[in-house]
There are 2 protein chains.
Amino acid sequence: MDADVRDRWLSQAGSRLSGAGRRSGAARTAVVELLAREGQCLISAQEIIDRLRASHAGSAASVYRTLDELLALGLVHRLEGRDGSARYEIVDPGLRHHHFVDEASGEVQAFTDEGLDRAIAGVAERLGVALSSRDVVLRGRRT
Amino acid sequence: MDADVRDRWLSQAGSRLSGAGRRSGAARTAVVELLAREGQCLISAQEIIDRLRASHAGSAASVYRTLDELLALGLVHRLEGRDGSARYEIVDPGLRHHHFVDEASGEVQAFTDEGLDRAIAGVAERLGVALSSRDVVLRGRRT
DNA sequence: TTATATGCAAAAGCTTTGCATGGGT
DNA sequence: ACCCATGCAAAGCTTTTGCATATAA
């Protein structure tokens with residue numbers, strides 16, 4: 001967990017949410033704080049729900065509602081999991097990575113690669129599009 | 001729709017399925033033929049179900065069962081949709097493409113890009129992994 | 001005070017599964 | 001004849017929604 005990213009995103013999220021005219025309640029606060037700490041790489045809604053239930057700090061409905069809000073404000077990014085459940089991760093300028101899924105263990109590893117980023121930028125230019133998001137998920141086995 | 005790809009995949013699918021000891025029934029045949037024609041770029045299970053129901057040629061259960069089989073045999077590729085419903089597309093040596101989603105219209109456009117493929121191969125080598133699949137989904141707007 | 005956030009429970013999709021039946025080989 | 005494929009309906013999951021209540025501003 002990167003403390004700089006956590007703090008920066010937390011303050012970003014705080015201002016964007018209040019700027020959008022939303023009030024801050026206990027459940028939303030709990031979700032936002034959990035995401036700042038553990039949403040730096042893909043976390044599932046179910047995992048958030050389970051964690052909050054363990055500390056009596058929010059219901060499933062509030063988790064989904066908060067995630068929707070954050071998504072609409074561009075504060076989180078959503079990636080569909082292989083099992084039909086969505087995974088979220090915070091959006092922060094200091095975080096730009098892609099994902100590799102080890103099919104042997106199911107474990108997700110984040111990586112960065114400048115060459116890949118350049119290739120994607122090249123594609124966007126060639127297609128004549130302005131990108132708002134890029135999902136790259138590689139799957140395979142370690143050799 | 002590319003007729004060469006359709007025919008090649010159809011014969012591939014036929015031999016691999018019977019080779020795996022599976023029998024051919026009406027429903028599975030209908031799914032496989034529909035995929036050969038319209039699964040060259042992302043089609044959802046729901047869409048297949050609706051089409052087959054319209055022609056009384058298969059149930060939801062059979063569609064999912066067939067898709068699972070094809071997936072296990074590596075004959076289709078599965079990509080999770082933004083709305084929590086999976087999308088499938090046939091796997092064919094002559095078809096290697098990535099996807100761009102136009103956020104204005106929701107339309108999906110397939111594209112190929114050698115530079116991107118090279119960059120991905122480079123990443124795999126650097127990470128020391130053997131890839132079994134690569135999902136690249138770019139989202140944005142045409143400029 | 002007044003609108004919004006929350007929790008519960010019900011509802012809504014998509015997908016899977018059990019079981020009896022039909023059909024391939 | 002034997003087993004697999006199929007269809008139906010029920011069950012399972014994740015996610016969404018309605019509504020009464022609690023709470024921030």
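Computed from a predicted structure; not experimentally measured. The basis for the numbers below is simple: all heavy atoms, side chains too, and nothing from hydrogens, waters or symmetry mates. Lettering of chains follows the sequences in order, A, B, ..., and the numbering in each one begins at 1.
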N/O contacts under 3.5 Å, protein versus nucleotides 1-4 of chain D?
from: D/dC3; atom 1: O2; to: B/R23; atom 2: NH1; distance (Å): 2.7
from: D/dC4; atom 1: O4'; to: B/R23; atom 2: NH1; distance (Å): 3.2

**OP:** Taking all non-hydrogen atoms of both residues into account, name the closest pair between A/L73 and A/R16 and its distance.
**Re:** O-NH2, 2.6 Å
Original post:
Does the distance from a Lys or Arg side-chain N to an Asp or Glu carboxylate O, for A/E114 and A/R118, drop under 4.0 Å?
Top reply: yes
Original post:
How do A/A27 and B/G25 order along DNA chain C: which one's closest nucleotide is nearer the 5' end?
Top reply: A/A27
Original post:
Is there a side-chain contact between B/E80 and A/L79 (heavy atoms, below 4.5 Å)?
Top reply: no
Subject >> A/H99: partners by ring pair (Phe, Tyr, Trp, His ring centres under 6.0 Å), with sequence neighbours left out >> reply: A/H97
**OP:** Please tell me if the side chains of B/L17 and B/R28 come closer than 4.5 Å, counting only heavy atoms from C-beta onward.
**Re:** yes
**OP:** Using atom CZ of A/R53 as one end and atom P of C/dA9 as the other, report the distance to the nearest whole Å.
**Re:** 12 Å
**OP:** Please list residues of residues 30-37 of chain A whose heavy atoms come under 4.0 Å from any atom in DNA chain D, ordered by number; otherwise none.
**Re:** none
Original post:
So which nucleotide from D/dC8, D/dT14, C/dT16 ends up closest to the side chain of B/A61?
Top reply: D/dC8
**OP:** Find the distance A/R65:CZ to D/dT15:P and express it as a whole number of Å.
**Re:** 15 Å
Original post:
Which heavy atom in B/V63 sits nearest to a heavy atom in B/A45, and how many Å separate them?
Top reply: CG1-O, 4.2 Å
Original post:
So what does B/A26 hit on the nucleic acid, given a heavy-atom distance under 4.0 Å: a base, only sugar-phosphate, or nothing?
Top reply: sugar-phosphate
Original post:
Roughly how many Å is it from CG in A/L17 to P in C/dT4, rounded to a whole number?
Top reply: 15 Å
Original post:
C/dC14 C1' sits how many Å from B/E47 CD, rounded?
Top reply: 15 Å
Original post:
The side chain of A/A45 lies closest to which of these nucleotides: D/dT15, D/dC19, D/dC8?
Top reply: D/dT15
Subject >> Worked verdict on A/L35 versus A/L67 for side chain to side chain contact (heavy atoms under 4.5 Å, CB included) >> reply: CA-CA 10 Å; A/L35 278 172; A/L67 288 172; 3.9 Å; yes
Original post:
Atom CG of A/L67 and atom C1' of D/dT16: how far apart are they, to the nearest Å?
Top reply: 13 Å
**OP:** Measure from the side chain of A/D68, starting at C-beta and using heavy atoms only, and say which of C/dC19, C/dG7, D/dT16 lies closest.
**Re:** D/dT16
Original post:
When rounded to the nearest 0.5 angstrom, what is the spacing between CD in B/E125 and CG in B/L131?
Top reply: 11.0 Å
**OP:** State which of D/dT6, C/dT15, D/dT17 makes the closest approach to the side chain of B/S85.
**Re:** C/dT15
**OP:** Would you mind reading off the distance between A/I49 atom CD1 and C/dT6 atom C1', rounded to a whole angstrom?
**Re:** 14 Å
Subject >> Nucleotide D/dT15, atom C1' - distance to CG of A/L70 in whole Å >> reply: 16 Å
Original post:
Under 4.0 Å between a side-chain N/O of A/Y64 and OP1 or OP2 of D/dT15, yes or no?
Top reply: yes
**OP:** Just call it for A/S62: base, sugar-phosphate, or nothing, with non-hydrogen atoms closer than 4.0 Å on any strand.
**Re:** sugar-phosphate
Original post:
Could you state the NE2-P distance from A/H56 to C/dC8, rounded to the nearest angstrom?
Top reply: 11 Å
Subject >> Any A/I90 side-chain heavy atom under 4.5 Å of A/V5 side chain >> reply: yes
Original post:
What distance do B/Y88 atom OH and B/L70 atom CG have between them, rounded to the nearest 0.5 Å?
Top reply: 10.0 Å
